[in-house]
Participant: 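Encoded as structure tokens, here's the structure I'll be asking about.
Throughout, a chain's letter reflects where its sequence line sits, starting with A, and its residues are numbered from 1. Since we're looking at a predicted model, the values are computed, not measured.
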2 protein chains.
Amino acid sequence: MPKRIYSSLSFENHPSLYSFASIAGQKEGEGPMKNYFDHIEQDGMFGEKNWEKAESRLQANTLNLALQKGRLKPVDVDCIIGGDLINQCTGSSFAVRETKIPFLGVYGACSTMAESLLLAGILVDGGYSFRTAAVTSSHFSTAERQFRFPLSYGGQRTPTAQWTCTASGAIVVSAEGEAPYIVGGCIGKINDLGVTDATNMGAAMAPAAADTILRYLQDTSTTPETYDAIITGDLGNIGSPLLIDLLLKQGVDISSVHQDCGALMFDEQKQDTHAGGSGCGCSASILCGYFLPKLQSGEMKKILFAATGALLSAMSSQQGESIPSICHLVEIRSQEGLTC
Amino acid sequence: MPKRIYSSLSFENHPSLYSFASIAGQKEGEGPMKNYFDHIEQDGMFGEKNWEKAESRLQANTLNLALQKGRLKPVDVDCIIGGDLINQCTGSSFAVRETKIPFLGVYGACSTMAESLLLAGILVDGGYSFRTAAVTSSHFSTAERQFRFPLSYGGQRTPTAQWTCTASGAIVVSAEGEAPYIVGGCIGKINDLGVTDATNMGAAMAPAAADTILRYLQDTSTTPETYDAIITGDLGNIGSPLLIDLLLKQGVDISSVHQDCGALMFDEQKQDTHAGGSGCGCSASILCGYFLPKLQSGEMKKILFAATGALLSAMSSQQGESIPSICHLVEIRSQEGLTC
């Protein structure tokens with residue numbers, strides 16, 4: 001089987017998602033996903049003295065938990081691929097500093113877990129690594145003060161705004177191991193249809209998701225019905241129907257299998273989160289907490305995980321720029337899904 | 001030949017550095033490297049209306065020039081891997097937005113070209129891409145106001161401070177093509193010996209460079225004499241002697257083959273740049289402008305390119321954190337170097 005099919009990738013050695021873990025914050029732990037996370041941390045500071053250190057602690061704890069669940073030590077992992085939303089990705093740099101594991105920093109905004117998994121898949125499938133960990137995080141307070149307002153300002157949020165989740169996910173991709181398996185993926189292209197409203201990222205990101213999902217379906221000659229779920233990262237409640245509409249215009253109906261991590265994270269009515277969750281940790285924690293166990297148990301057989309990212313900065317918005325968006329995709333299968 | 005040798009990688013298909021380009025700013029174009037860049041741009045704004053857009057224009061122009069020099073169109077490239085120093089890596093996102101080429105954003109601070117080349121090498125060597133471009137940039141004015149002071153403030157610079165270069169380099173890595181070739185590399189580990197002075201990044205980064213270079217020499221059973229040059233990214237005039245000392249303590253003397261892009265970029269006496277150049281574009285532009293042509297012509301046969309990055313942010317320094325540093329390495333050979 002070729003490793004490239006048009007613009008998609010196929011992993012003939014189907015690396016194992018050997019172990020994985022998710023940790024979420026208090027608010028995320030009060031939502032519909034509360035029973036699925038490995039750990040819910042009530043202390044938003046994670047025992048640290050500022051929010052940035054808290055996010056690094058969150059990410060380090062999640063990585064450690066994924067290692068523990070796989071009975072692995074840091075020395076058993078060849079490489080870590082990770083990123084986050086904090087300027088210069090310090091959330092990850094400080095999180096992995098003590099591990100002494102080779103580290104590749106990536107930036108894909110909220111698409112970072114899909115980008116990290118895709119690269120981890122390439123490293124392991126290609127024989128360049130035996131075990132590579134993918135890890136990402138986000139923290140409401142680090143994101144809010146960096147991208148929006150000081151928290152103490154108490155700014156009003158627009159109805160289209162999403163809530164950056166305090167959450168993290170970590171996955172150890174291994175050349176040997178059991179299901180779930182990563183069997184392929186698609187590297188995203190930047191799409192920018194001119195949306196300038198940084199409080200409506202779902203709308204900005206939907207075209208990127210449509211582009212990547214459509215390319216992968218076409219490249220692999222599959223239809224939405226092939227999959228138990230086509231999961232987007234965090235289009236939320238505004239972006240999700242836009243994605244479905246965009247794909248319908250291309251003759252592809254994903255409505256029966258589409259799920260969105262941003263929409264799944266919170267109870268919009270009870271938790272006052274408006275358009276849903278977002279952040280690198282949103283899709284990462286729901287993938288690790290909710291979906292991967294279903295692939296492990298065989299409840300699901302094949303999923304597409306298509307995490308979306310809005311590649312803006314506070315400054316690019318202030319300078320009047322529109323929002324370049326991207327969506328990276330990986331296909332993950334259960335043991336049965338590998339052969340059927 | 002195995003693809004992994006301890007913690008180093010070997011590319012048995014030796015991907016070609018098919019085409020490459022460098023563009024530098026006015027000050028960089030007045031230094032010792034002035035005759036080697038493809039283009040020196042006198043307009044620091046690159047025709048744009050703010051510095052961030054200028055940096056994106058610089059990076060886009062450099063990528064286009066690399067494509068032109070290889071007689072390639074954007075459609076001939078499967079993937080771009082790139083990054084920069086601007087918050088959320090917007091320098092790169094906006095630079096590649098119009099290309100419609102799949103994009104993987106990475107963050108390695110000033111090590112970004114080595115990280116991008118290493119990943120491009122993996123993608124192409126492993127058969128996941130036919131041609132992947134690696135591109136990075138930095139701009140004095142975007143970095144200065146983001147990491148240090150408003151430019152109009154006219155802050156004094158310390159003797160150990162480095163000068164962020166306005167420069168960019170782009171390389172198309174291809175499964176088919178002529179020398180130079182990328183034949184292997186080493187993914188960096190984060191090193192942090194506790195340096196907290198953000199105006200002395202050479203000292204912070206030297207241990208990371210020593211760690212990676214030593215690992216690669218040991219893993220490949222080679223000595224410094226194997227190489228025509230062991231090139232560090234931008235340790236500058238302070239970090240370079242520290243690197244040589246650190247390696248001497250390990251019994252390895254690289255002094256006769258060591259060159260540093262930060263030290264090469266400026267004439268310290270005439271240009272008032274203190275400890276030398278820095279920035280993602282510093283090592284990238286010197287690699288593309290100065291070293292790769294020497295490998296193309298056969299003047300050099302084997303080099304190690306070990307770009308260093310200081311993974312700090314303005315906020316992490318303000319919070320009293322020390323500077324986590326990293327160094328990624330790639331080995332590049334001439335046609336003759338491939339067989340000798």
Participant: Who among A:Ser7, A:Pro324, A:Gly83 has the most heavy-atom pairs with chain B under 4.5 Å?
Facilitator: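 The candidate making the most pairs under 4.5 Å is A:Pro324.
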Participant: Give me the atom names and distance for the closest heavy-atom approach of A:Gln88 to B:Asn87.
Facilitator: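 So the two residues come closest at NE2-OD1, 2.9 Å.
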Participant: Chain A: which of B:Leu104, B:Asp78, B:Leu119 shares the most heavy-atom pairs with it under 4.5 Å?
Facilitator: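 Result: the option with the highest number of such pairs is B:Leu104.
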Participant: Restricting to side chain to side chain donor-acceptor pair (under 3.5 Å), what partner residues turn up for B:Asp192, sequence neighbours left out?
Facilitator: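 Here the qualifying residues are A:Arg97, B:Ser322.
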Participant: Just verifying a value: how many Å separate B:Leu311 CG and A:Ser92 OG, rounded to the nearest 0.5 Å?
Facilitator: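 So the CG of B:Leu311 and the OG of A:Ser92 are separated by 10.0 Å.
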Participant: Just how far is it from atom OG1 of B:Thr112 to atom OH of A:Tyr107, taken to the nearest 0.5 Å?
Facilitator: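 Interatomic distance, B:Thr112 OG1 to A:Tyr107 OH, rounded to 0.5 Å: 14.0 Å.
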Participant: Picking from B:Leu123, B:Ile122, B:Leu9, which has the most non-hydrogen pairs under 4.5 angstrom with chain A?
Facilitator: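 Most heavy-atom pairs under 4.5 Å with chain A: B:Ile122.
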Participant: Mind ranking B:Leu118, B:Asp211, B:Asp125, B:Thr212 by heavy-atom pairs under 4.5 Å with chain A and telling me who comes out on top?
Facilitator: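 Highest number of pairs under 4.5 Å: B:Asp125.
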Participant: Let me know if B:Ser93 has heavy atoms under 4.5 Å from chain A in its side chain, its backbone, both or neither.
Facilitator: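 Answer is both: backbone and side chain atoms of B:Ser93 are under 4.5 Å from chain A.
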Participant: Heavy atom to heavy atom, less than 4.5 Å: which residues from residues 48-58 of chain A reach chain B?
Facilitator: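 Checking residues 48-58 of chain A against chain B gives A:Asn50, A:Glu52, A:Lys53.
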Participant: How close do A:Pro102 and B:Arg215 get, counting heavy atoms only, and between which atoms?
Facilitator: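 Scanning both residues completely, I find the closest heavy atoms to be CG-NH1, 4.0 Å.
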Participant: Of the backbone (N, CA, C, O) and the side chain (C-beta and beyond), which part of B:Ile326 lies under 4.5 Å from a heavy atom of chain A, both, or neither?
Facilitator: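 The answer is the side chain of B:Ile326.
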Participant: Check this for me: A:Glu176, atom CD, are more than 12 non-hydrogen atoms of other residues, nucleotides or ligands nearer than 6.0 Å?
Facilitator: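 Atom CD in A:Glu176 is not crowded, with 12 or fewer foreign heavy atoms closer than 6.0 Å.
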Participant: Most heavy-atom pairs under 4.5 angstrom with chain A, which of B:Gly108, B:Cys89, B:Gly188?
Facilitator: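 Among B:Gly108, B:Cys89, B:Gly188, the one with the most close pairs to chain A is B:Gly188.
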Participant: Side chain, backbone, both or neither: which part of B:Ile80 has a heavy atom under 4.5 Å from chain A?
Facilitator: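 Interface part for B:Ile80: neither.
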Participant: State the CD1-CD1 distance between A:Ile190 and B:Ile101, to the nearest 0.5 angstrom.
Facilitator: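 A:Ile190 CD1 to B:Ile101 CD1: 10.5 Å, rounded to 0.5 Å.
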Participant: For the candidates A:Gly309, A:Ser111, A:Ser129, which exhibits the highest count of non-hydrogen atom pairs separated by less than 4.5 Å from chain B?
Facilitator: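 Between A:Gly309, A:Ser111, A:Ser129, the count favours A:Ser129.
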Participant: Among residues 142-150 of chain B, which ones touch chain A with a heavy-atom distance under 4.5 Å?
Facilitator: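 Within residues 142-150 of chain B, the residues under 4.5 Å from chain A are B:Arg145, B:Gln146, B:Phe147.
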Participant: Checking B:Tyr6 now: which residues fulfil ring-ring contact (aromatic ring centres under 6.0 Å, His included) with it, not counting sequence neighbours?
Facilitator: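 Listed in chain order: nothing, the list is empty.
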Participant: So which residue, B:Tyr128, B:Phe103, B:Phe11, ends up with the most heavy-atom pairs under 4.5 Å with chain A?
Facilitator: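 So the answer, after comparing B:Tyr128, B:Phe103, B:Phe11, is B:Tyr128.
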Participant: For chain A, which of B:Glu115, B:Lys100, B:Glu321 has the most heavy-atom pairs under 4.5 Å?
Facilitator: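 The residue among B:Glu115, B:Lys100, B:Glu321 with the greatest pair count is B:Glu321.
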